[in-house]
Protein chains: 2
Amino acid sequence: MSKINIDQVARYAFVSRSVVSRVLNNHPHVSDVARERVLNVIKKYNYQRNSAARSLAAKNTREIGILSTRNPNDVMSNGFSTLLYLGVFEECLAQRYSVRQMFISTEMKEEFQKFILNEHTLDGVILFAEEVTDLLAEELLFREIPAVLIGHAPGFSSISSVDVDNFAGSYSAVTHLVRLGHRNIGAMVGSQLLQESQDRLAGYRKALVDAGVPVNEAYVSVGGYTQKSGHDKMLSRIKRQPEVTAWFCASDTMAMGALSALHKSGQRVPDDVAVVGFDDLSFARYTIPPLTTIRQPIYQKGRYAARMLIDLINGKQTDIEHRNLKPDLVVRESCGHHSGMRHKGGHAP
Amino acid sequence: MSKINIDQVARYAFVSRSVVSRVLNNHPHVSDVARERVLNVIKKYNYQRNSAARSLAAKNTREIGILSTRNPNDVMSNGFSTLLYLGVFEECLAQRYSVRQMFISTEMKEEFQKFILNEHTLDGVILFAEEVTDLLAEELLFREIPAVLIGHAPGFSSISSVDVDNFAGSYSAVTHLVRLGHRNIGAMVGSQLLQESQDRLAGYRKALVDAGVPVNEAYVSVGGYTQKSGHDKMLSRIKRQPEVTAWFCASDTMAMGALSALHKSGQRVPDDVAVVGFDDLSFARYTIPPLTTIRQPIYQKGRYAARMLIDLINGKQTDIEHRNLKPDLVVRESCGHHSGMRHKGGHAP
DNA sequence: TTGTACGCGTTATCAG
DNA sequence: CTGATAACGCGTACAA
């Protein structure tokens with residue numbers, strides 16, 4: 001199956017190169033007979049355009065990049081990244097775009113900029129994780145490379161973004177705990193350098209305030225979005241703050257670590273302590289006990305981000321948009337079902 | 001920062017286009033002064049080659065594809081895919097290749113072949129998951145597109161591959177259980193259409209035979225590599241085969257599901273039943289109890305696959321290689337530590 | 001509606 | 001060692 005080019009197609013179809021190009025690109029002004037002939041030749045010889053030549057002439061590559069952090073912890077614990085990629089990929093496939101995958105870290109910032117961004121090789125990029133945004137947003141803006149952010153980046157509001165409503169998510173999680181009768185509710189959240197984490201913490205506070213429950217800042221624990229972090233933080237909290245009867249964890253991974261620590265310490269969930277997570281990763285049904293959590297539409301996030309980016313590339317969308325997807329509370333067993341008051345231990349110090 | 005092309009560089013450096021190209025590609029026959037001048041201009045104007053033009057002229061793209069299955073279950077439960085991608089990416093980065101990510105399913109086979117494989121747009125591909133191999137291997141061979149497989153594909157031994165030694169892994173897992181005193185040992189494995197699953201099952205059988213423990217085929221349960229499968233299978237087995245005191249699960253995800261089912265059924269792990277997994281995903285430390293499992297070098301798999309592929313592309317490697325990486329037993333708590341005999345329930349029916 | 005001719009930015013060839 | 005010049009395959013004004 002020797003590769004055949006547009007000129008050969010033209011020759012075999014007894015037309016000129018332009019006609020072939022026009023039917024290829026669905027341009028008008030082609031007679032039915034000519035189109036027919038071209039199409040036949042294309043099918044017969046299984047002709048496919050050379051994408052490099054296409055890119056060269058068209059000055060675009062129909063390829064976008066998705067950049068995530070190289071941080072091993074995050075990479076490994078962010079169980080949802082594959083699902084997110086899938087969303088991005090499928091939207092791109094539908095629009096005949098390809099997606100190039102990249103992981104970047106602080107150390108390779110320059111390396112990256114030279115090799116990746118400079119060669120006019122990507123039509124646009126999706127930034128996944130604020131870490132990445134902080135590293136590259138300025139440069140992308142400067143080079144006028146279309147970009148969409150998955151998540152939030154307060155410092156770069158000129159970049160369109162898709163995110164879940166983190167505030168609303170944690171608000172409903174904590175409200176759920178309050179309704180179950182909890183008063184001493186702890187929070188395990190991610191780095192407050194991340195807007196996302198700030199929002200989730202804010203939702204926690206607001207839920208307490210709205211419920212008339214005093215906010216105790218000593219109950220807030222800041223760590224990373226990993227099982228390890230959730231585990232280690234919880235282990236140290238159990239002894240120091242036994243009066244806490246419920247924990248809001250800002251991710252399912254953290255929550256899983258917390259459950260593990262609770263178990264080691266002989267605490268029963270949900271009988272002694274309630275735990276609620278965030279994300280609803282696929283494993284959340286299978287923790288012990290199954291995790292009550294906040295579901296966020298991960299696949300949709302990826303899909304929507306890709307759509308926004310492609311619209312941006314094609315000039316279909318010019319104004320920036322910050323889209324907030326709605327999260328849902330998924331009640332399983334880690335908080336118990338019963339309502340009514342509960343008491344255990346004393347009050348906050 | 002307007003883009004500048006090779007001709008401009010040549011002009012500013014008072015040399016011809018050819019000289020510039022030669023220094024760019026590290027070709028010999030360039031005088032030191034000329035090289036110097038060119039390099040200066042390149043730096044001054046921050047010149048970067050246009051990759052499309054490069055590909056067009058060089059007939060290669062310096063981009064490889066990594067193809068995994070679109071199967072949502074697998075996509076979501078294969079927690080190690082991100083780590084694998086990272087390995088592939090970092091090897092490619094080191095060798096200045098890019099990686100394009102794709103998910104493919106049976107339904108879109110043709111679609112895929114047309115859009116992805118036909119446009120001379122990838123220098124080679126890494127096949128991740130046998131499912132993908134079965135779908136595409138023939139076509140790749142036919143088109144003479146370099147390919148490397150992560151995993152095994154018995155039907156396509158002409159494609160180089162990297163894998164963990166699945167047989168050795170399950171062998172040591174089961175041997176561990178035997179040494180702990182277990183006699184009635186069950187196995188939960190993946191689809192036997194996959195060579196990987198066959199090998200893991202074979203290791204299980206051999207370990208039993210070598211230990212003088214009779215193999216009971218009724219103790220083998222075949223399912224998918226997901227928490228759900230592990231959970232559901234275990235739930236149905238507990239009642240029917242209470243005499244089984246230990247389970248070898250062919251993946252950590254399955255094992256996690258199994259632990260969940262065991263807990264629901266009131267079985268204590270490891271006191272009543274022991275469980276061993278496979279993979280050592282990052283969550284394995286945080287299951288309840290922490291999972292004893294077989295660690296496989298996931299990142300290395302990706303890294304090595306990429307290296308093999310690039311060698312293949314550049315003709316550095318011509319003969320096919322089937323590399324088997326060594327797995328390690330990681331002892332945690334899900335099997336207990338104590339040795340000695342144990343008895344519980346009756347014998348197999 | 002169709003065809004011609006040129007541009008896109010590089011790499012490779014082959015005289016000088 | 002250097003520099004024209006010819007591919008590479010496609011898109012697209014512009015002319016017919």
Side-chain angles (χ1 to χ4, degrees), chain A residues 1-39 41-42 45-63 96 115 118-123 314, chain B residues 1-39 41-42 45-63 96 98 115 118-123 313-314:
Chain A
M1 188 194 298
S2 52
K3 47 207 164 194
I4 179 183
N5 70 16
I6 194 172
D7 283 318
Q8 326 234 27
V9 175
R11 199 173 320 139
Y12 296 151
F14 303 102
V15 296
S16 78
R17 195 233 293 305
S18 323
V19 175
V20 178
S21 178
R22 276 194 282 267
V23 343
L24 249 22
N25 297 297
N26 284 320
H27 283 318
H29 308 309
V30 178
S31 67
D32 288 349
V33 280
R35 163 169 288 114
E36 184 85 10
R37 282 212 302 271
V38 170
L39 256 22
V41 172
I42 287 178
Y45 292 89
N46 191 26
Y47 163 74
Q48 292 293 137
R49 289 182 277 196
N50 178 306
S51 62
R54 225 145 102 73
S55 297
L56 181 57
K59 294 182 193 310
N60 70 284
T61 58
R62 291 194 84 80
E63 181 162 20
R96 322 246 81 178
F115 178 45
N118 235 336
E119 296 196 357
H120 328 293
T121 190
L122 252 23
D123 287 354
N314 299 324
Chain B
M1 186 194 299
S2 51
K3 48 207 162 196
I4 178 182
N5 69 16
I6 196 173
D7 283 319
Q8 326 234 27
V9 174
R11 199 175 318 140
Y12 297 150
F14 302 102
V15 295
S16 77
R17 196 227 303 297
S18 317
V19 175
V20 179
S21 178
R22 276 194 281 269
V23 343
L24 248 23
N25 297 297
N26 283 320
H27 283 318
H29 309 308
V30 179
S31 69
D32 288 348
V33 280
R35 162 167 288 113
E36 185 85 10
R37 282 214 303 271
V38 170
L39 255 22
V41 172
I42 286 178
Y45 292 90
N46 190 27
Y47 163 74
Q48 292 293 136
R49 289 182 277 195
N50 177 306
S51 63
R54 222 144 104 75
S55 297
L56 180 58
K59 296 183 193 307
N60 71 285
T61 58
R62 291 193 85 79
E63 180 163 20
R96 323 244 81 177
S98 309
F115 178 45
N118 235 337
E119 296 195 358
H120 329 292
T121 190
L122 253 24
D123 286 354
I313 291 169
N314 299 325

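In what follows, chains are A, B, ... by sequence order, proteins preceding strands, each numbered from 1.
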Peer 1: Determine: side-chain N/O of B:Asn25 to OP1/OP2 of C:dT11, distance under 4.0 Å, yes or no.
Peer 2: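 Affirmative; the distance criterion is met.
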Peer 1: Which residue, B:Pro28 or B:Ala53, contacts DNA chain D at a nucleotide closer to its 5' end, judged by nearest heavy atom?
Peer 2: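 Nearer the 5' end of the strand: B:Pro28.
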Peer 1: Would you mind telling me which residue lines up with the more 5' stretch of DNA chain D, B:Lys59 or A:Ala58, judged by nearest nucleotide?
Peer 2: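 Nearer the 5' end of the strand: B:Lys59.
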Peer 1: At less than 4.0 Å, is any side-chain N or O atom of B:His27 found next to OP1 or OP2 of C:dA12? Yes or no.
Peer 2: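 Answer is yes, contact under 4.0 Å.
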Peer 1: Measure from CG on B:Asn26 to P on C:dA12 and round the result to the nearest Å.
Peer 2: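 Rounded to whole Å, this separation is 13 Å.
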Peer 1: Once hydrogens and angles are ignored, does a donor-acceptor distance under 3.5 Å link the base of C:dT11 to the side chain of B:Ser18?
Peer 2: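 When only heavy-atom distances are counted, B:Ser18 does not reach the base of C:dT11 through any donor-acceptor pair under 3.5 Å.
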Peer 1: Looking at the side chain of A:Leu56, which of D:dG9, C:dT11, C:dT1 is the nearest nucleotide?
Peer 2: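 The answer is D:dG9.
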Peer 1: Side chain of B:His29 only, please: which of D:dC1, C:dT10, D:dG3 is the nearest?
Peer 2: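 Closest nucleotide to the B:His29 side chain: D:dC1.
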Peer 1: Under 3.5 Å, is there any donor-acceptor pair linking the side chain of A:Arg49 to the base of D:dG11?
Peer 2: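 Answer no: no donor N or O sits under 3.5 Å from an acceptor.
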Peer 1: Give one of base, sugar-phosphate or nothing for A:Val30, where a contact means two heavy atoms less than 4.0 Å apart.
Peer 2: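 If one applies the 4.0 Å heavy-atom cut-off, A:Val30 turns out to touch the sugar-phosphate alone, with no base involved.
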Peer 1: In this structure, which one of B:Val20, B:Ile6, B:Asn25 forms a side-chain contact (heavy atoms from CB on, under 4.5 Å) with B:Arg49?
Peer 2: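 Single pass found, and it is B:Asn25.
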Peer 1: When you measure from the side chain of A:Arg54, which nucleotide among D:dC10, C:dT2, D:dG3 comes out closest?
Peer 2: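 Comparing D:dC10, C:dT2, D:dG3 against the side chain of A:Arg54, the answer is D:dC10.
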Peer 1: Have a look at B:Tyr12 and tell me which of B:Asp7, B:Val38, B:Ile4 forms a side-chain contact (heavy atoms from CB on, under 4.5 Å) with it.
Peer 2: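 Filter result, single survivor: B:Ile4.
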Peer 1: Expressed in angstrom and rounded to an integer, what is the separation of A:Asp7 atom CG from D:dA7 atom P?
Peer 2: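 Going from CG in A:Asp7 over to P in D:dA7 covers 13 Å.
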Peer 1: Of the nucleotides D:dC10, C:dT2, D:dT2, which one has an atom closest to the side chain of A:Val19?
Peer 2: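 The nucleotide sitting nearest to the side chain is C:dT2.
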Peer 1: How many whole angstroms separate atom CZ of A:Arg17 from atom C1' of D:dA15?
Peer 2: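 My rounded result for the distance is 16 Å.
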Peer 1: Choose from D:dC10, C:dG9, C:dT11 the nucleotide whose nearest atom is closest to any side-chain atom of B:Asn50.
Peer 2: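 Nearest to the side chain of B:Asn50 among the choices is C:dG9.
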Peer 1: Choose from D:dG3, C:dT11, C:dT2 the nucleotide whose nearest atom is closest to any side-chain atom of A:Ser16.
Peer 2: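 For A:Ser16, the side-chain atoms sit closest to C:dT2.
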Peer 1: Among the nucleotides D:dT2, C:dT11, D:dG11, which one has an atom lying closest to any side-chain atom of B:Ser31?
Peer 2: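 Ranking D:dT2, C:dT11, D:dG11 by closest atom to the B:Ser31 side chain puts D:dT2 first.
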Peer 1: Which atom pair, heavy atoms only, marks the closest approach of A:Ser51 to B:Thr121?
Peer 2: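 Looking at all heavy atoms of both residues, the shortest contact is OG-OG1, 3.2 Å.
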Peer 1: Any base atoms under 4.0 Å from B:Ala10, or only sugar-phosphate, or nothing? Heavy atoms, all strands.
Peer 2: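 Nothing, no heavy atom under 4.0 Å.
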Peer 1: Given A:Asn50 and A:Asn5, is the side chain to side chain contact (heavy atoms under 4.5 Å, CB included) satisfied, shown in steps?
Peer 2: CA-CA 8 Å; A:Asn50 178 306; A:Asn5 70 16; over 6 Å; no
Peer 1: For A:Arg62 and A:Arg96, which heavy atoms make the closest approach, and how far apart are they?
Peer 2: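 Taking A:Arg62 first and A:Arg96 second, the nearest heavy atoms are NE-O, 3.0 Å.
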